[in-house]
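What follows is a short report on a single structure.
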Amino acid sequence: MAKANSNSSLFLFVSLLLFQVLHFSSSQSFIGVNYGQVADNLPPPAATAKLLQSTSIQKLRLYGADPAIIKALANTGVGIVIGASSGDIPALASDPNAATQWINSNVLPFYPASKIILITVGNEVMISNDQNLISQLLPAMANMQNALNAASLGGKIKVSTVHAMSVLAQSDPPSSGSFIRQDTMRGILQFLKDHGSPFTINPYPFFAYQSDPRPETLAFCLFQPNAGRVDSGTGIKYMNMFDAQVDAVHSALNAMGFKDVEIVVAETGWPYRGDPNEVGPSVENAKAYNGNLIAHLRSMAGTPLMPGKSVDTYIFALYDEDLKPGPTSERSFGLFKPDLSAAYDVGISKSSQTPSAPVTPSTPKTPTTPSPKPTAAGWCVPKAGISDAQLQASLDYACSQGIDCSPIQPGGACFEPNTVVSHAAFAMNLYYQTSAKNPWNCDFSKTATLTSQNPSYNGCVYPSGGT
């Protein structure tokens, strides 16, 4: 009987590993990046195209429609988002021919070799104080859509507009999500629904942390072990700010009868450098946020209100923009430097063979050389003397990352003994075994350690790399 249980667990473990490796190696169309161009030191477009092809990034968002970049991405398979500026809206709204000319200049010379998938009209217009511009937004979008239809591209290339999180009048708790300017928003949402276009939003946990700079808020924003936050309206416990913000948007859509409109995260990121008076920017935090975000997307866990599916997410940004005004953080969001080297490692290089694993505060700085080889054997277990509260946070975190925690549920092979330390041990180890299995994958904010002693007992089998 014990051997049968062991074989069954081994089969489950191997199947899970195989799924993750295959999933990681396949095209991850939900991972995109923003390419801002307020800079004077950017690499040539051809070099950028080659860089993207060396990563798992499958989509690129431009704020304009730079023809050199669009052309450089021809035949790469990279999906391209291009944008009409807010300043273009009055002409696009008042003159259908302006929209036709825009399509003729910025789409037709390049499509389909260059895989243009979305046109954004304006950026964060709905939170501006320009009532005239707000009223012109929907007509501009409609004329752009009509121009695409006339070019037989309707349905192939979508049209939308990008919103800031402040387009929500209410977002906490997530179930209370609601929009500002609901009369205008209703027309926009109906347009998106009619044409199968996405609602594009810019959630930034970084700014949420700056407004509430407590250690527990930082862990919540960085996808790190934390106590979670319960939505008083639904009883759902959220383990990270990103899911909470995206679900607030979903709730706002649902409240207006548009729950089936797809959500796309047009921008999110974390700066690796800031001014002395700025709270939050650091290489460690930027690496943790972006790396853990990518790991979360790869897990396909989704959000509590939209489980089992990863929201298309465009990380801000591909490069720093050295000419941007404002604090230093505004010029320090880049994943890559102008010389094409990584600013820090978030696990998006195709040379990596395993999914990126969540980064904890004590994670050592990862060099640009290949990662150390995973440990051949060993188990991840709680350290002695750790409080139940800390272990519960690590348990909740591990089980929120797409691993199978059913064995520690009532009736499961590892439910007994029904203690926090026992359940945390199983979850920590399973998370570690399905990650890159670097030492920091068994850290959990210094609550766990590696052991060579097999913690399996009775019918409860703990998988290991040496099993």
Side-chain angles (χ1 to χ4, degrees), residues 31-43 48 57 60-64 83 86 123-124 127-128 162-168 171 200-224 240-242 244-246 265-294 296 313-348 358-361 363 365-366 368:
I31 300 176
V33 70
N34 285 270
Y35 186 2
Q37 295 177 267
V38 186
D40 61 4
N41 60 351
L42 297 175
T48 293
I57 296 169
L60 182 77
R61 179 188 170 210
L62 298 172
Y63 292 85
S86 297
N123 190 48
E124 301 185 350
I127 64 165
S128 73
V162 178
H163 303 281
M165 274 299 290
S166 50
V167 78
L168 295 181
S171 62
T200 51
I201 187 80
N202 296 344
Y204 274 93
F206 167 66
F207 295 124
Y209 172 62
Q210 284 198 314
S211 66
D212 179 19
R214 295 176 295 161
E216 56 266 38
T217 303
L218 182 61
F220 188 66
C221 289
L222 297 182
F223 300 85
Q224 291 171 341
N240 65 79
M241 182 67 77
F242 179 83
Q245 291 184 328
V246 172
V265 172
E267 274 186 38
T268 190
W270 200 288
Y272 64 85
R273 181 180 58 199
D275 293 323
N277 63 340
E278 289 189 89
V279 178
S282 72
V283 171
E284 185 176 60
N285 288 346
K287 178 179 177 179
Y289 178 74
N290 288 320
N292 291 343
L293 169 63
I294 290 168
H296 182 53
T313 299
Y314 293 78
I315 295 173
F316 187 84
L318 185 58
Y319 304 115
D320 288 343
E321 295 177 86
D322 66 327
L323 298 182
K324 264 194 167 182
T328 297
S329 60
E330 284 292 313
R331 296 178 292 282
S332 307
F333 278 85
L335 295 176
F336 293 92
K337 300 175 183 177
D339 66 3
L340 306 179
S341 64
Y344 49 88
D345 181 20
V346 292
I348 56 175
V359 182
T360 60
T363 299
K365 290 180 173 60
T366 304
T368 55

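Computed over heavy atoms, backbone and side chain alike; hydrogens, waters and symmetry mates excluded.
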remark   = Distance col, row L222:CG vs K287:NZ, nearest 0.5 angstrom, shows 13.0 Å
message = Applying side chain to side chain donor-acceptor pair (under 3.5 Å), can you list everything that pairs with S332, at least two apart in sequence or on another chain?
response = R273
Cationic N near anionic O, under 4.0 Å, R214 to D212 = yes
request  = List the steps and the verdict of side-chain contact (heavy atoms from CB on, under 4.5 Å) for F242 and T313.
outcome  = CA-CA 11 Å; F242 179 83; T313 299; 3.8 Å; yes
query = Counting only N and O atoms by type, is there a donor-acceptor contact under 3.5 Å from the side chain of S211 to the main-chain atoms of A208?
reply = yes
request  = Please assess E124 against N202 for the test side chain to side chain donor-acceptor pair (under 3.5 Å), listing each intermediate value before the final yes or no.
outcome  = CA-CA 9 Å; E124 301 185 350; N202 296 344; 2.8 Å; yes
ask   = How long is the gap from CZ on F207 to OG1 on T268, to the nearest 0.5 Å?
value = 9.5 Å
request  = Verify whether the ring centers belonging to Y35 and Y319 lie closer than 6.0 Å.
outcome  = yes
request  = Can you see which heavy atom on G36 is nearest to which on L42, and at what distance?
outcome  = O-CD1, 3.9 Å
request  = Tell me whether the guanidinium CZ or amine NZ of R331 lies under 6.0 angstrom from the six-membered ring centre of F333 and within 45° of its axis.
outcome  = no
Heavy-atom donor-acceptor pair, D345 side chain to G347 backbone, under 3.5 Å = yes
ask   = How would you list, by chain and number, every residue that makes a ring pair (Phe, Tyr, Trp, His ring centres under 6.0 Å) with Y314, sequence neighbours excluded?
value = none
inquiry  = Test your reading of the model: is there a side-chain donor-acceptor pair from S86 to the backbone of N123, 3.5 Å cut-off?
reply    = yes
query = Do we see a donor-acceptor contact under 3.5 Å between the side chains of T328 and D275?
reply = yes
note = Between G274 and P281, the two heavy atoms sitting closest are N-CB, 3.6 Å
query = How close do G280 and Y209 get, heavy atom to heavy atom, and via which atoms?
reply = CA-CE2, 3.7 Å
message = Can you give me the closest heavy-atom contact between P338 and P43, atom names plus distance?
response = O-CG, 3.3 Å
ask   = Is the closest side-chain heavy-atom distance between I315 and I294 below 4.5 Å?
value = yes
message = Between W270 and F316, is there a side-chain heavy-atom distance shorter than 4.5 Å?
response = no
query = Is the closest side-chain heavy-atom distance between E330 and P325 below 4.5 Å?
reply = no
message = With no hydrogens and no angle check, just 3.5 Å: does a side-chain donor-acceptor pair link N34 and Y63?
response = yes
inquiry  = Nearest 0.5 Å, please: how far is NE2 in H296 from CG in N240?
reply    = 5.0 Å
key: S341 versus D339, closest heavy-atom pair with distance   = OG-OD1, 2.6 Å
request  = Enter the distance from E278:CD to F206:CZ here, rounded to the nearest 0.5 Å.
outcome  = 6.0 Å
request  = Rounded to the nearest 0.5 Å, what's the gap from CD1 on I57 to CG on L335? Could you check?
outcome  = 6.0 Å
key: Heavy-atom check, side chain of Y289 versus side chain of L293, under 4.5 Å   = yes
inquiry  = Using modelled atom types and a 3.5 Å cut-off, is there a donor and acceptor pairing between side-chain atoms of E321 and backbone atoms of V38?
reply    = yes
task = Determine whether T48 and L318 make a side-chain contact, defined as any pair of heavy atoms from C-beta on separated by less than 4.5 Å.
result = yes
ask   = Between CE of M165 and CD of Q245, what distance do you get to the nearest 0.5 Å?
value = 4.5 Å
message = Can a side-chain donor-acceptor contact be found between N290 and Y272 if the only test is distance below 3.5 angstrom?
response = no
remark   = Closest non-hydrogen atoms of I127 and A164, given as atom of the first, atom of the second and distance, are CD1-CB, 3.6 Å
ask   = Is there side-chain contact between M241 and L218, with at least one heavy-atom pair below 4.5 Å?
value = no
